[in-house]
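Quantities reported herein were computed from a predicted structural model and do not represent experimental measurements. Order of the sequence lines fixes the chain letters, A, B, ..., with proteins taken first and strands second; residue numbering starts at 1 for each chain.
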Number of protein chains: 2
Amino acid sequence: MNELSRQAVAIAAKIPQPACSQCNLQELCLPVGLTTAELSTIDHLVSERRKIARGDALFRSGERFTAIYAVKLGFFKTEVLSEDGRHQVTNFYMAGEVLGMDGISAESHHCDAIALEDSEVCLIPFQQLESISIKVPTLQRHLHRVMSREIVRDQGMMMMLGAMRAEERVVAFLLNLSQRYTARGYAAADFNLRMTREEIGSYLGLKLETVSRAFSHLQEDGLVQVEKKHIRLVDTTKLKKMLSQESTAR
Amino acid sequence: MNELSRQAVAIAAKIPQPACSQCNLQELCLPVGLTTAELSTIDHLVSERRKIARGDALFRSGERFTAIYAVKLGFFKTEVLSEDGRHQVTNFYMAGEVLGMDGISAESHHCDAIALEDSEVCLIPFQQLESISIKVPTLQRHLHRVMSREIVRDQGMMMMLGAMRAEERVVAFLLNLSQRYTARGYAAADFNLRMTREEIGSYLGLKLETVSRAFSHLQEDGLVQVEKKHIRLVDTTKLKKMLSQESTAR
DNA sequence: CTGTGTTTTTGATTTTTATCAACCCGTACG
DNA sequence: CGTACGGGTTGATAAAAATCAAAAACACAG
């Protein structure tokens, strides 16, 4: 697999790691280097859990930024919306991932975070996180990594949006999801989509019809099995090959 | 102007701020809150200046990540390249901006940074930056902002790549450049492009011919004057309107 | 169980953009 | 001096994706 595909697929690839006791905060807890005392400090940091019903917002654009959120259970999308009603999905977040870091730069969020199913998050007050990370250098370093990973992840997305055709984007999306599920210890080749075709399309810069057609075509070729929201990756190797081979990319 | 356009145009909008004495490190120096002693600490941090000739690389993909770089003079592009020779420009950086933060997550860079003209950068060793930011909370907070801004900026790009048609992308690109020049105290409506049509196209997910056509068409409409690399934005208001009005976006 | 609204699929057509090709313009270089 | 080359423009054509349209599948409230 070439660099481009690795990029696109590895968007947000995560390694499973020991969770904090409060919640499965895989992304923020380092596997090594933290003393028990430090871990306890972090546990205290996670001040609150919050349940978000399907369709409800965890935060909205313009709201004051106070915390980042570790998804404990469920699934979120973030989207930017414009005055005239258009909106674009910028990311999806599954259990074990951290969202809300967009707000750090401006003291307020610049996108909406919507639960795609009944979800539960751990709230991590950012000011406190900053204070503590001053006392625990390992934590600081790790926070920087998580933020940088978001940058790399976004740049992989840009790569995808700029250089791939419709079907390749869908493949990259499916492989990416699969990889993220794997990294979290779930079945990799078999999963349910939490989002609609329209949301996938919005995320990939495509129309929902195009996404649907891509699914159908991949199924015809025997590469995936699609049944409504359920996806089974039949031939992962071939799927990956689709991204690495010299296709007439734009 | 709606949120979408604000996003796209404001990618990396910066407010001019007092520079460090070593270099015009506008992005990392807070205008308020730093004592003279602290400023001096930061000055010592900037360990080295480096000149990069046009066409040369500041760093390359895979190289060990040790520092981030403040562009003192000149212009850079970053690009990801794949085994089969394809490559995609992921960003441009002008004087006063910081690049190299992609490497934080993985200890190595994941893209190439190439000088588009003879340039000069200040090297900021990242480990030291992290250490010092522990002693200077204001600096830490600011570092986080700069990183978050990169995230927001990238998401604006994603928005653009996903939701805009060719001509809109070009307009957003020009307005964004203009805004960044303005923020740095240069003439806003009148500037030279440092990159080729091909590089612009790669960045915007378009072919060079499409970029060229977009320029021509905008010129026909009297919105910009294009002469080779020189750009004059004739009617900024109309240009901005192009992004906000309900166009048949994808 | 039934009707209503949402989601998905599929087909026909149009629009947008890529592709292929020719040509222009500087300029670096033998 | 001319010529080879990189960068840019423009036109004709092809490919990809959007748009329009219709119908099927489904989810859910009453």
In whole Å, I'd like the distance from the [atom1] atom of [X] to the [atom2] atom of [N].
{"X": "A:Leu204", "N": "D:dA18", "atom1": "CG", "atom2": "C1'", "value": "15 Å"}
{"X": "A:Glu220", "N": "C:dG11", "atom1": "CD", "atom2": "C1'", "value": "14 Å"}
{"X": "A:Glu199", "N": "C:dT6", "atom1": "CD", "atom2": "C1'", "value": "12 Å"}
{"X": "A:His217", "N": "C:dT9", "atom1": "NE2", "atom2": "P", "value": "15 Å"}
{"X": "A:Leu206", "N": "C:dT17", "atom1": "CG", "atom2": "P", "value": "14 Å"}
{"X": "A:His230", "N": "C:dT7", "atom1": "NE2", "atom2": "C1'", "value": "18 Å"}
{"X": "A:Lys207", "N": "C:dT7", "atom1": "NZ", "atom2": "P", "value": "15 Å"}
{"X": "A:Leu161", "N": "D:dA16", "atom1": "CG", "atom2": "C1'", "value": "16 Å"}

With a 4.0 Å cut-off, would you call [X] and [Y] a salt bridge?
{"X": "B:Asp118", "Y": "B:Arg54", "result": "no"}
{"X": "B:Arg194", "Y": "B:Glu199", "result": "no"}
{"X": "A:Lys207", "Y": "A:Glu209", "result": "no"}

### Task
Indicate, with yes or no, if the rings of A:Tyr69 and A:Tyr93 have centres closer together than 6.0 Å.
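A:Tyr69 vs A:Tyr93: aromatic centres not under 6.0 Å.
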
### Task
May I ask you to check whether B:Tyr203 and B:Phe92 place their ring centres under 6.0 Å from each other?
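Yes - the distance between ring centres of B:Phe92 and B:Tyr203 falls below the 6.0 Å cut-off.
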
### Task
Five pairs at each end of the helix from C:dC1-D:dG30 to C:dG30-D:dC1: take the axis at both ends and give me the angle between them to 10°.
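Here the local axes at opposite ends form an angle of 30°.
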
What closest approach, in Å, do [X] and [Y] show between heavy atoms, and which atom pair accounts for it?
{"X": "A:Ala188", "Y": "A:Leu233", "value": "O-CD1, 4.4 Å"}
{"X": "A:Val152", "Y": "B:Asp102", "value": "CG2-O, 3.4 Å"}
{"X": "A:Asp112", "Y": "A:Ser61", "value": "OD1-N, 2.6 Å"}

### Task
Encode nucleotides 5-11 of chain D as B, S and - characters from 5' to 3', where the letter depends on protein heavy atoms closer than 4.0 Å: B to the base, S only to sugar-phosphate, - to neither.
---SBBB

### Task
Please test B:His109 against B:Cys111 for side chain to side chain contact (heavy atoms under 4.5 Å, CB included), starting from the C-alpha separation and ending with a verdict.
CA-CA 6 Å; B:His109 288 288; B:Cys111 63; 5.7 Å; no

